[in-house]
Number of protein chains: 2
Amino acid sequence: MHGDFLLGKKAAVTGKRGLLEDLVLNERAQLVLISIIENYIQSSEPIGSRTLSKSIGVTLSPATIRNIMSDLAELGFLIQTHTSAGRVPTDKAYRFYVNSLSTPSSVPEQIKQKITLVSTEQGMQVEGILAEAVHLLADLTKFACVVSTPKASVSRLQRIELIKISEDRILVILVTKAGVVRDKIIFVKDSHSQDFLNSVASFLNEKFKNHSMQEIREKIHQYLVDDRNRYHDLLAQAVRLGKKAFELNNPGEMLIDGQMNLLLDSHFHKQSSVRSLIEAFNQKSEIMKILDDSMRQKGVHIFIGIENDFEQLQGCSLIMTSYRNNQNVLGSIGVVGPTSMDYKRIISIVEYTAKILSETITERSYD
Amino acid sequence: MHGDFLLGKKAAVTGKRGLLEDLVLNERAQLVLISIIENYIQSSEPIGSRTLSKSIGVTLSPATIRNIMSDLAELGFLIQTHTSAGRVPTDKAYRFYVNSLSTPSSVPEQIKQKITLVSTEQGMQVEGILAEAVHLLADLTKFACVVSTPKASVSRLQRIELIKISEDRILVILVTKAGVVRDKIIFVKDSHSQDFLNSVASFLNEKFKNHSMQEIREKIHQYLVDDRNRYHDLLAQAVRLGKKAFELNNPGEMLIDGQMNLLLDSHFHKQSSVRSLIEAFNQKSEIMKILDDSMRQKGVHIFIGIENDFEQLQGCSLIMTSYRNNQNVLGSIGVVGPTSMDYKRIISIVEYTAKILSETITERSYD
DNA sequence: TTTAGCACTCATTAGGTGGTAGTGCTAATA
DNA sequence: TATTAGCACTACCACCTAATGAGTGCTAAA
């Protein structure tokens, strides 16, 4: 066998197309591979040597290309759906392709103009802004898009308010630094006066402003186990109410838009079963995990095919990135599409949308 | 022609199957029609005379049935997809069928047990409860389901609260009688003290408790045009803030669940284009209209095929009903499915779910 | 190292066949 | 008169077949 000839000399590695890490292909092989991928992204038909030899810039006979393709297949970049069909890029090929996109392409001015969020003008809350952003993204990409709402546990307290609305119910309002307002109702056994609630609230505000919900919960727990506080009545009551008020009842949520887009995407039907997709979207928790993961890392995060851990989504690629305010990373936003998506375009759109979203939310923040 | 023989004598009209209004079919024709419909609902295959002659209770030869079918077709209850195919019910037939379902069938105990809302236990707000209800409904019916959130304009004020969260921002909390909490942030030019906001809030509470948002807006408008109030500073300020606070910024919303279910329904692919469905769900406003309409009427509301005004949904049937608290109708909930759905079953499930939802929300109300 | 040529594979398409489920019509029957 | 049996006819469907064409791998020549 002579598949070795693709293994580039050092010269190849320093070629124009920035090669990364362990992938070593000579320049011509790269050209062919990228050409196949870009063709396939456009047509979603298997690419044959003859077709390629025409569309590729360099003059190479179909036979030569066949040799190269054959070797690329052997290295796991291409597969055939059947003998005598053209070749189709594998996940590995897309990974190579995405890595080779060194300079992120900028968003066309025309699309930039479309990426604006008008919900702020209508005095909408953070959730409303996120809903608009994810809808916009779905509209531009024509794929399914997801966004996670700011995590309650990491967000820091700007203000808490307790409002008596009936004898046994207290409305708790939490405003976080990020400008998110959460309300919930807690039920109490004995009635409290509004005055009392006010002093509890101001105690909690004073004590916990700027602390994260997580921290607050821990501190309250401390108070509760600390015996000495039992004797101070107001404090004890305040802490007890505070415990209820800060109890996590809002598991991080996510918004989905454009699921249906996937189903009429021609690229899509060829590779993934509709049924598993539906299951995937019904079981939000798994997608949440992926969103959470990409919150922790900077920049755009790309999962191609099997690279994500969620089996039902392994026929898809995910492009995720985080959004933030001045101070903190708040959540992430991204798209779910076929592995044969137009990465260049989608990545740039996701990136730019997240940027606009971040700016919009920063305006709303109290940091 | 002898199609006339289906036109029932008066005797037929008083037959067991309750016939409504203008539809006059003799008993045997009804039996055949209903039999066809029920067969088709089950199999979603065109029904032929031979098949029917076996499955139907009465002994009728295929030839006789053919005669009846031919006449039913002439009257617009059946169509053929092509010569020599069996017959398929039209919208008119389903309408007849639904009307003939005089006694609403009860929900099987087994399903009743599944229809429970657990979100209340987790201290969730009304929106959370609605989300759970619509998800449940989608799960049970395997169709797409929608629910409209309580209309802001008709809901009545329980309590308003104004909270200063920064120099130029005030958080407005509105609690309605139905237990819905709405928050929004308003921006103001000059800073107000919290004490001032408190007196404004208590003024507004006193003045407007139990009034609908719509009424409140009108009254505020009155105040503003009434010159005399201008000289009373507190009042004038309060009214100005109140105007901002009560401004409608929350257009009635709706939640959708289970859209994807439609796409793998076998009945469905046969009749409606996926594309128009997707458009339908992207353009929520039209579905909102239908939900609004069915809020105004009592009981379950059924739109079969072309009976709804929204072109994109005319391949579907909609089953809608309202939910309420003790005092008011709040919104509506329902399903969107193929015209050949199992009406008996779906109607009863929608009805029962709405009942449970109403009970759950009533518990949350302040009426 | 590249290319031309050739034999081969396999999906897709079009045409043809028999079987089947359905119809409408007519004439016989109860 | 209402019902039924019988028959000719239609159209879909599943199956086969042959032809087409895009693609491959291999080999030998340039």
Side-chain angles (χ1 to χ4, degrees), chain A residues 1-9 11-12 25-29 31-32 35-36 39-40 43-75 77-89 269-270, chain B residues 1-9 11-12 25-29 31-32 35-36 39-40 43-75 77-89 269-270:
Chain A
M1 63 162 267
H2 64 307
D4 300 334
F5 82 101
L6 291 187
L7 299 177
K9 299 109 201 175
L25 296 176
N26 67 39
E27 250 185 278
R28 210 180 46 179
L31 180 62
V32 169
S35 200
I36 290 173
N39 265 287
Y40 185 70
S43 68
S44 86
E45 301 288 340
I47 309 298
S49 55
R50 172 177 276 268
T51 325
L52 195 63
S53 118
K54 284 172 198 160
S55 79
I56 208 170
V58 193
T59 44
L60 283 173
S61 82
T64 314
I65 290 179
R66 275 206 289 283
N67 284 331
I68 301 173
M69 283 167 106
S70 162
D71 292 329
L72 284 170
E74 206 170 310
L75 292 173
F77 289 104
L78 301 175
I79 45 162
Q80 284 177 279
T81 54
H82 59 266
T83 356
S84 95
R87 289 191 164 90
V88 165
H269 277 123
K270 316 214 168 185
Chain B
M1 62 162 271
H2 65 305
D4 300 334
F5 83 102
L6 291 187
L7 300 177
K9 299 109 201 177
L25 295 176
N26 68 39
E27 252 185 274
R28 211 181 47 182
L31 180 63
V32 169
S35 201
I36 291 174
N39 265 289
Y40 185 70
S43 68
S44 86
E45 301 289 340
I47 309 299
S49 54
R50 171 176 277 267
T51 326
L52 195 61
S53 117
K54 284 173 199 157
S55 80
I56 208 169
V58 193
T59 45
L60 282 174
S61 80
T64 313
I65 291 179
R66 276 207 290 284
N67 284 331
I68 301 173
M69 283 169 105
S70 161
D71 292 328
L72 284 170
E74 207 171 307
L75 291 173
F77 289 104
L78 301 174
I79 46 163
Q80 285 176 279
T81 55
H82 60 266
T83 353
S84 95
R87 289 191 164 88
V88 165
H269 278 121
K270 315 210 169 188

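All chains are named by letter (A, B, ...) in the order of the sequence lines, taking the proteins before the strands, and each is independently numbered beginning at 1.
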Is it the case that D/dG6 (base atoms only) and B/R66 (side chain only) share a donor and an acceptor within less than 3.5 Å, ignoring hydrogens and angles? yes
So, taking the atom named CD1 in A/I68 and the one named CG in A/L78, what distance separates them when rounded to the nearest 0.5 Å? 11.0 Å
Between D/dG23 (P) and A/Y40 (OH): distance, integer Å: 14 Å
With heavy atoms under 4.0 Å as the rule, sort A/A63 into base, sugar-phosphate or nothing. base
In terms of heavy-atom contacts, A/G48 and A/M69 come closest through C-CE, 4.2 Å
Does A/S49 place a side-chain N or O at less than 4.0 Å from the phosphate oxygens OP1/OP2 of D/dT24? yes
What is the separation between atom CG on B/L60 and atom P on D/dT3, rounded to the nearest whole Å? 8 Å
Interatomic distance where CG belongs to A/N67 and P belongs to D/dA28 [whole Å]: 15 Å
Does the side chain of A/R87 get closer than 4.0 angstrom to OP1 or OP2 of D/dG25 through an N or O atom? yes
Please report the distance, rounded to the nearest Å, between CG in A/D71 and P in D/dG25. 10 Å
In this structure, how many angstroms lie between the P atom of C/dT23 and the CD1 atom of B/I65, rounded? 10 Å
N/O (side chain, B/T51) to phosphate O (OP1/OP2, C/dG22) under 4.0 Å: yes
Between B/H82 and B/S61, which has a closest nucleotide on DNA chain D that is more 5'? B/S61
Does B/T83 put a side-chain nitrogen or oxygen below 4.0 Å from OP1 or OP2 of C/dT23? no
Test item: side-chain donor near acceptor, A/T51 and A/N39, under 3.5 Å: no
Take A/I36 and A/F77 through the test side chain to side chain contact (heavy atoms under 4.5 Å, CB included) and record every step on the way to the result. CA-CA 10 Å; A/I36 290 173; A/F77 289 104; over 6 Å; no
Counting only side-chain nitrogens and oxygens, does B/R50 get under 4.0 Å of the OP1 or OP2 atom of C/dT20? no
Can you measure B/E74 atom CD to C/dT23 atom C1' for me and round it to whole angstrom units? 15 Å
On the side chain of A/S84, is there an atom forming a donor-acceptor pair with the base of C/dT9 - under 3.5 Å, no angle test? yes
Roughly, in whole Å, what's the span from CG in A/L78 to P in D/dG23? 14 Å
Say you draw a straight line from CD1 of B/I47 to CD1 of B/I56; how long is it, rounded to the nearest 0.5 Å? 11.5 Å
Can you check the A/I68 CD1 to C/dT2 P distance for me, whole Å? 7 Å
